[in-house]
Chemist: 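The following block contains the structure, expressed as C-alpha cells.
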2 protein chains.
Amino acid sequence: MYEQVARVSDDVGMSPAPLYRQIADTMRSDITAGRFPPGSKLPSERELIDRFGAARGTVRAGLNVLITEGLITPAQGRGYQVQQHEVFTLDASRHENLLFSRPEDGDSFSNDVRHAGRAPHQEFRVEVTEASAEAAQRLQIEDGGRIVLRYCRRFVDDTPWSIQATQYPQWLVSENPRLSDPGDVVEGTTRYLADRGVKQVAFHDEWATRMPTPDEARELQIGPGIPVLVWVRTGYTSEKRPVRRTVTIFRGDLNRVTYDLGDTDALPTEEVNAA
Amino acid sequence: MYEQVARVSDDVGMSPAPLYRQIADTMRSDITAGRFPPGSKLPSERELIDRFGAARGTVRAGLNVLITEGLITPAQGRGYQVQQHEVFTLDASRHENLLFSRPEDGDSFSNDVRHAGRAPHQEFRVEVTEASAEAAQRLQIEDGGRIVLRYCRRFVDDTPWSIQATQYPQWLVSENPRLSDPGDVVEGTTRYLADRGVKQVAFHDEWATRMPTPDEARELQIGPGIPVLVWVRTGYTSEKRPVRRTVTIFRGDLNRVTYDLGDTDALPTEEVNAA
DNA sequence: TCATTCAACTCGTTTGAACAAGTTGAATGA
DNA sequence: TCATTCAACTTGTTCAAACGAGTTGAATGA
C-alpha cells in the first residue's frame, strides 16, 4: 500500500543527488535516448557550464562519469564524442574444427577479418624465457623449464584489436622450428603443428574481464571506461599432453564471443545473430 | 638511423608526465609490488598531499585513475582500500550435461556455491511482456508476441553475484506453469522443463564485456572500474526450437568462465586450475 | 561497566582562477 | 591557387579554499 510512497521518498526525501551526478544522468539519458547518436559531438564544457550553472570542475566531474562508463571519449581541442562500436564476433567453438580447414585459407584471424570485408594486419615477436610456476604447471613441464613465447598484436583496418601471447614448451619448438620464426606462420600455428603430427584435439578455455593495465591500454589504444576480455586457451593432444597456452587480450568494446554447445544439428543453420 | 633518437625523445625529450599521473603510477607500482597488499589501506589523501607536494585535487585525480582501473576502492571516512577479489569459476560447457544430474541436487547455481562452502541466496521476480523485435526473432515467435520474463538476482554470502533475466515464449509457460511462479524452482528450470519433455539439447552462448549501466552497478553493488561479463544463452530442443533466452550479468571482478571443447578425454582429469 | 558524546580524522562536493596544449578554420600573404 | 599564420575555440592540468558527510576511537558521564 505504501509502496509508491516509499519509492517517492527514495527520490524526494533523500538529499538531492550531487550536481555532477545530475549532469552525468542528464547527459547519459540524452545519449541513450538518441539525442546524441554514436559518433556525434557533445556540447562543449563551456556550453554545459552555462546550461547547468555549474563550475567547470563540476561539469568535468559529470562528464568523467560517462567516460568511465565507456559512453563518451574526450579529445583535447576537439570536444567529447559519443562512442561508436563496431562489434566483431569470434566463434570460439568453431575453432576446434580448424584442423579440417584447407591449408591455403591462412590463419583464422586473417580469414575471419577478410571474410568481413576488412583488412587484417598482424605483428609478431618471439621470445625464449623460463617458465613461471603457473606456466610450468599448465604446460606440464618442469619448473623453470624453457618455453617459447610467441607474441602477436592484431589490427583490423589499422585499429588495434587484440594482443596475444602463446607459450610453447621448448621440446615442441625444437621439433617444430617455425614456431620460433618471428614472422607470420601463414597457415596458422595450430594448422602447422597439426600437419607435423601434433594435433590438438581438446581445448580448455578460460574467460575473464577486467580493466586493462596501462601497458595494455597503450597497445590497444583504449582509454578509461573500456574493459578487456581475457581469453586463455590451453590445447591438448590426444595423449593428454598440453602443447600450448594462449593468452589473448581483446578490446572489450569491439569483440563478442560465441560458443555452440551440444547437438549442433539442433541449432539454427544460419545464425542471424546481428548485435 | 634516427630510430634511437626518436625513442629517447619519446621518453626524455617529452614534457614529463603530469603530476597526477606520476602519483597514479607511483601508487600503482607500490600496489602491484605488494607494498600495499589486497585489502590493505592506502595512505590518506592528506599524507599523499605531503608526500607528493601536490594539491588535494591533484592527488584525488591520481587516485581516481587507480579507481577506474579497478585497483582501489574509496570509502568516505575510511580511506582507500586495495581491491581484493575472490574469484568464482563457472564451467559453462559442463552445463550442457545438467540434464543428467540428479533432480535432488537443486539448481546449478546453489549447487556450485554450496560445493564451494559458501551460502547461496536467490531473489526471483516474474513479468509478462511483449517480445521486442530482437527477442521475437531469437525465440522464433511472432513480433509483439507474449513472453514471460523470469528475473533472478543471485548472492554468495550476501554479496551480489549476478543478475539474470530469462525470456520464455508464452506457449512454453502455458504448458509448464511453474515457470511463471515467482518463487524458486528448486530443481532448476532447465531440469523442470526436461522432466516435462522439453529437453534443451543444444545451446548458443554469447559473451561480451562492458561497463555496467547505473542500474546494474546499483544492483550488483559495484563502483567505477569494475566491468561486467554479459552471457546470453539460447537453449534449443532437438526440433530446432528455441525455448529460452537467458541474459546473465556477472560482476567481472568475481567471476571467470571456462569451456572444455573437443575430445574431453584428452583433458586433464583433475583440472588444478587455481587462479 | 556500558552507552553516549564528540573531536579528529577520513573522503565527497563545489567553486573560481590560471595557464598549458591540441584543433580548426578564417584571414593572410606569397 | 596554395601554403602559412594565427586567433579563437576546444580539453588538460594544477592550485587553493571551503564546507558537507561518514567513521572511529577516546573521553565522558550515568
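Throughout, protein chains are lettered first and strands after them, A, B, ... in sequence-line order, and every chain is numbered starting at 1. Worth saying up front: this structure is predicted, and the values here are computed from it rather than measured.
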Chemist: I need the single residue from A:Asp215, A:Val228, A:Ile226 that forms a side chain to side chain contact (heavy atoms under 4.5 Å, CB included) with A:Leu220. Which is it?
Modeler: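 Option passing the side chain to side chain contact (heavy atoms under 4.5 Å, CB included) with A:Leu220: A:Val228.
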
Chemist: Should we say atom CD of B:Glu127 is surrounded by more than 12 heavy atoms from elsewhere, each under 6.0 Å from it?
Modeler: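 Enclosed.
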
Chemist: Under a 4.0 Å N-O cut-off, is there an ion pair linking A:Arg256 with B:Glu206?
Modeler: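 Salt bridge: no.
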
Chemist: Does A:Arg21 pair with A:Asp25 as a salt bridge, N-O distance under 4.0 Å?
Modeler: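 Result for this pair is no, no salt bridge flagged.
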
Chemist: Between B:Gln81 and B:Thr73, do the side chains contain an N or O donor and an N or O acceptor separated by less than 3.5 Å?
Modeler: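 Side-chain D/A pair, B:Gln81 to B:Thr73: absent.
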
Chemist: Quick one: sort the B:Trp207 and B:Tyr259 rings into parallel, tilted or perpendicular, breaks at 30° and 60°.
Modeler: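 Perpendicular: the ring planes of B:Trp207 and B:Tyr259 meet at over 60°.
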
Chemist: Assign A:Ala75 to base, sugar-phosphate, or nothing according to its heavy-atom contacts below 4.0 angstrom with the strands shown.
Modeler: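 The residue A:Ala75 makes sugar-phosphate contact but no base contact.
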
Chemist: Could you tell me whether the side chains of A:Glu45 and A:Tyr80 share a donor-acceptor contact shorter than 3.5 Å?
Modeler: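 Judged by distance alone, the side chains do pair up.
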
Chemist: Choosing from D:dG12, D:dT14, D:dG20, which nucleotide comes nearest the side chain of B:Thr58?
Modeler: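 Of all the options, the side chain of B:Thr58 is nearest to D:dT14.
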
Chemist: Quick one: is D:dC15 close enough that its OP1 or OP2 comes under 4.0 Å of any side-chain N or O from B:Tyr20?
Modeler: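 It does not, given that no N or O in the side chain of B:Tyr20 lies less than 4.0 Å from OP1 or OP2 of D:dC15.
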
Chemist: Grab the stems for DNA chain C, please: at least three consecutive Watson-Crick or wobble pairs, both distances below 3.5 Å, written as range with range.
Modeler: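 Stems for DNA chain C, defined as runs of 3 or more consecutive pairs: C:1-30 with D:1-30.
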
Chemist: Assign A:Gly79 to base, sugar-phosphate, or nothing according to its heavy-atom contacts below 4.0 angstrom with the strands shown.
Modeler: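 Sugar-phosphate, backbone atoms only, no base.
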
Chemist: Take the protein atom CG of A:Leu63 and the nucleotide atom C1' of D:dT11, then report the distance between them rounded to whole Å.
Modeler: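 Distance, rounded to whole Å: 10 Å.
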
Chemist: Starting from C1' on D:dA8, measure out to CD on A:Glu45 and report it in whole angstrom.
Modeler: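 That distance rounds to 16 Å.
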
Chemist: Quick one: B:Arg78 CZ to D:dA21 C1', roughly how many Å, whole number?
Modeler: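 The distance from CZ of B:Arg78 to C1' of D:dA21 comes to 13 Å, rounded to the nearest Å.
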
Chemist: Using atom types as modelled, flag every donor-acceptor pair under 3.5 Å from a side chain in residues 156-163 of chain A to any protein atom, sequence neighbours excluded.
Modeler:
unit_1	atom_1	unit_2	atom_2	d
A:Asp157	OD1	A:Ala119	N	2.8
A:Asp157	OD2	A:Arg118	NE	2.5
A:Asp157	OD2	A:Arg118	NH2	3.0
A:Trp161	NE1	A:Asn255	OD1	2.7

Chemist: Quick one: A:Gln76 CD to D:dT13 C1', roughly how many Å, whole number?
Modeler: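 Value for this atom pair: 9 Å.
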
Chemist: Could you check how far CZ of B:Arg21 sits from P of D:dT11, rounded to whole Å?
Modeler: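 Computing the B:Arg21:CZ to D:dT11:P distance gives 17 Å.
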
Chemist: Knowing that exactly one of B:Leu48, B:Leu71, B:Ile31 qualifies, which makes a side chain to side chain contact (heavy atoms under 4.5 Å, CB included) with B:Leu42?
Modeler: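 So, applying the side chain to side chain contact (heavy atoms under 4.5 Å, CB included) to B:Leu42 and each of B:Leu48, B:Leu71, B:Ile31, only B:Ile31 qualifies.
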
Chemist: Contact boundaries of DNA chain C with chain A (under 4.0 Å, heavy atoms), 5' to 3'?
Modeler: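 Taking any atom under 4.0 Å from a heavy atom of chain A, the span is C:dT13 to C:dT24.
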
Chemist: Please report, rounded to the nearest Å, how far the C1' atom of D:dT14 is from the CZ atom of B:Phe52.
Modeler: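 B:Phe52 atom CZ is separated from D:dT14 atom C1' by 16 Å.
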
